[in-house]
Undergrad: 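Dumping the structure here so I can ask a few things about it.
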Number of protein chains: 2
Amino acid sequence: MTQVDLAPKSCSNCPIRPRAICSRCTDEELNELDKIKYYKTYAAGSSVVLMGDPMTFVASVVAGVATLSRSMADGRMQMVGLLLPSDFIGRPGRETASFDVTAVSELTLCHFHKKPFEKVTQTTSHVQERLIEIALDELDAAREWMLLLGRKTAREKIASFLLICARRLGSREGEGLRLELPLTRDAMSDYLGLTIETVSRQMAALKRDGVLVLEGTRKITIPDLNRLLDEAGDDSDGVTLA
Amino acid sequence: MTQVDLAPKSCSNCPIRPRAICSRCTDEELNELDKIKYYKTYAAGSSVVLMGDPMTFVASVVAGVATLSRSMADGRMQMVGLLLPSDFIGRPGRETASFDVTAVSELTLCHFHKKPFEKVTQTTSHVQERLIEIALDELDAAREWMLLLGRKTAREKIASFLLICARRLGSREGEGLRLELPLTRDAMSDYLGLTIETVSRQMAALKRDGVLVLEGTRKITIPDLNRLLDEAGDDSDGVTLA
DNA sequence: CGGGGGCTTGATGAGACTCAAGAGCGGTGG
DNA sequence: CCACCGCTCTTGAGTCTCATCAAGCCCCCG
């Protein structure tokens with residue numbers, strides 16, 4: 001539980017500027033946002049909001065990992081989004097949360113009070129434009145995920161998940177790729193619509209088949225990215241590492 | 001193949017105004033949109049756009065039903081959206097289509113050339129606001145659907161689908177509810193992440209159990225909506241007919 | 001050393017898929 | 001008018017994937 005001071009003091013040294021809601025803002029607009037923002041840190045495992053809660057803020061993930069999920073009355077649950085740094089939480093114009101948001105690791109958020117934020121979006125087209133882009137990107141991602149949930153096999157699901165992680169978290173290692181999984185096996189199963197046992201078995205199978213190398217349970221190396229791409233079952237047209 | 005003239009001549013008598021992209025527009029703004037719009041009708045079964053195609057337009061569904069889907073190299077496919085009248089197709093700021101759009105019934109679209117449409121959104125905050133709302137609504141719907149695809153049983157999937165249809169297409173019939181399904185069994189299976197056989201069997205089971213009454217294959221009556229709600233497995237908090 | 005959390009492994013079974021055949025129904029043409 | 005066709009849908013039998021239930025392992029920490 002390393003307590004690091006992740007909260008930047010001002011927007012000028014903010015690590016997520018390039019991708020965040022404020023990426024296009026002028027200095028002046030940033031000042032506006034600066035007035036209504038506040039940072040807050042959540043412990044790993046803690047809940048940020050629960051479905052049905054009144055939503056008084058929107059926020060950007062500054063550091064750490066959070067999940068967006070929905071559960072059924074009998075306890076079945078499905079993760080519907082993975083929130084990494086620069087991702088946006090909340091929706092202007094809605095009073096209550098439609099999903100649960102949970103901190104998976106220690107999590108730092110840059111909050112904006114909702115009311116004043118809505119005022120800013122109405123007057124600042126830079127923010128509004130970026131908001132549309134973010135929403136549409138998430139929509140594409142959600143739909144891509146629907147294909148995974150509806151039609152892919154367990155092995156393909158795991159491979160697809162690893163690819164997503166590789167794209168956003170991986171670093172080159174020789175001709176392969178190295179990354180640390182942001183989720184436990186349990187969270188992975190929630191994300192992929194599987195059980196933890198199936199996740200474990202398929203990870204073992206991919207390891208056995210040489211698609212990946214495990215070091216502990218979280219650190220993995222992918223010797224051949226194209227091999228993994230095949231396993232994911234996607235049309236491999238133009239899919240590359242960012 | 002009844003060829004009806006569904007295309008309104010102008011926005012003033014447009015059936016989808018209240019929900020469409022232009023719902024908040026002033027008369028003046030409507031005139032702007034009017035200049036760049038054109039209607040077009042597609043035959044049932046025909047393709048509107050294919051994934052990867054250059055997207056030169058955006059559009060609203062005026063009449064009929066279309067589907068948004070994605071398929072894998074080996075033919076598996078998953079529908080990721082159902083487009084009913086007033087729904088929006090396309091995304092400003094993207095060059096190529098990310099999904100296939102197919103007309104399921106005869107379909108009339110209100111098209112806007114993309115370039116000029118983008119110019120309008122940049123200057124007309126009414127359109128931009130509505131676009132955000134629509135995108136976020138679809139995102140919510142997509143995430144709801146992820147729960148269905150990842151965690152629900154075949155029976156629950158069918159019940160959930162019928163509920164969605166009932167909400168948007170149903171009409172009261174005594175104390176029950178009557179509707180005509182907008183999709184074939186085959187399209188239903190694509191939507192629900194099932195096979196056509198499973199859809200057929202579960203429809204038969206729901207009929208056998210008295211949850212619904214079938215008249216032919218498309219016309220159904222739901223005697224007791226709460227019964228159907230139970231079958232769908234949703235938290236039934238506050239779910240009502242629109 | 002004991003305990004707990006996260007993970008793995010094994011045995012079993014259920015739910016959904018696959019393959020295959022046939023029923024219902026509207027259209028077409030002899 | 002009826003036979004035939006094509007299409008959608010239904011039904012049945014067998015199979016397979018993944019969920020469930022149940023131990024047990026590994027590793028860290030007290």
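Chain letters run A, B, ... following the sequence lines, proteins first, then strands; residues in each count from 1.
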Undergrad: C/dG10 base to A/R201 side chain: any donor-acceptor pair below 3.5 Å?
TA: yes
Undergrad: To the side chain of A/T184, which of D/dA22, C/dA20, C/dC7 is closest?
TA: C/dC7
Undergrad: How many Å lie between CG on B/D74 and C1' on C/dT18, as a whole number?
TA: 15 Å
Undergrad: Could you walk me through whether A/M203 and A/I158 pass side-chain contact (heavy atoms from CB on, under 4.5 Å), step by step?
TA: CA-CA 7 Å; A/M203 289 287 289; A/I158 298 283; 3.7 Å; yes
Undergrad: For the pair A/D87 (side chain) and A/L84 (backbone), establish whether a donor and an acceptor sit closer than 3.5 Å, ignoring hydrogens and angles.
TA: yes
Undergrad: With a non-hydrogen cut-off below 4.0 angstrom, is A/G45 in contact with a base, only sugar-phosphate, or nothing?
TA: nothing
Undergrad: Counting any heavy atom closer than 4.0 Å, what does A/G216 reach on the DNA or RNA strands: base, sugar-phosphate only, or nothing?
TA: nothing
Undergrad: Between C/dC19 and B/E197, counting only base atoms on the nucleotide and side-chain atoms on the residue, is there a donor-acceptor pair under 3.5 Å?
TA: yes
Undergrad: Output the rounded distance in Å from NZ (B/K157) to C1' (C/dA16).
TA: 9 Å
Undergrad: Would you indicate what B/T217 reaches in the nucleic acid, counting non-hydrogen atoms under 4.0 angstrom: base, sugar-phosphate, or nothing?
TA: sugar-phosphate
Undergrad: Write down the distance between CG (A/L149) and P (D/dA19), rounded to a whole number of angstrom.
TA: 12 Å
Undergrad: Please determine, for the side chain of A/S200, which listed nucleotide (D/dC18, C/dT8, D/dT20) has the closest atom?
TA: C/dT8
Undergrad: Roughly how far apart are B/L192 CG and B/R185 CZ, rounded to 0.5 Å?
TA: 11.5 Å
Undergrad: Judged by atom type as modelled, is there a donor-acceptor pair below 3.5 Å linking the side chain of A/D140 to the main-chain atoms of A/D137?
TA: no
Undergrad: Taking the side chain of B/I196 as heavy atoms from C-beta outward, which of C/dA16, C/dT8, D/dT10 is closest to it?
TA: D/dT10
Undergrad: Whole-Å distance between C/dC7 P and A/E215 CD?
TA: 16 Å
Undergrad: Please give, in whole Å, the distance from D/dT10 P to B/R208 CZ?
TA: 12 Å
Undergrad: In whole angstrom, what separates A/D190's CG from C/dC7's P?
TA: 12 Å
Undergrad: Identify which nucleotide among C/dT18, C/dC7, D/dC9 has an atom closest to any side-chain atom of A/R218, counting heavy atoms from C-beta outward.
TA: C/dC7
Undergrad: If we ignore hydrogens and angles and just use 3.5 Å, is the side chain of A/S200 paired with the main-chain N or O of A/I196 as donor and acceptor?
TA: no
Undergrad: Could you please name the option among D/dC18, D/dC9, C/dC7 that lies closest to any side-chain atom of A/T153?
TA: D/dC18
Undergrad: Has A/T195 got a side-chain N or O lying under 4.0 Å from the OP1 or OP2 atom of D/dC18?
TA: no
Undergrad: Select one nucleotide: of C/dT8, C/dA16, D/dT10, the one nearest the side-chain heavy atoms of A/R185.
TA: C/dT8
Undergrad: Counting distance only, does the side-chain N/O of B/S105 pair as donor-acceptor with the main-chain N or O of B/V65 below 3.5 Å?
TA: yes
Undergrad: Between atom CD in A/Q202 and atom P in C/dT9, what is the gap in whole Å?
TA: 12 Å
Undergrad: Report the distance from atom NZ of A/K207 to atom P of C/dC7, rounded to the nearest whole Å.
TA: 14 Å
Undergrad: Using heavy-atom distances to pick each residue's nearest nucleotide on DNA chain C, tell me which of A/M203 and A/R151 is more 5'.
TA: A/M203
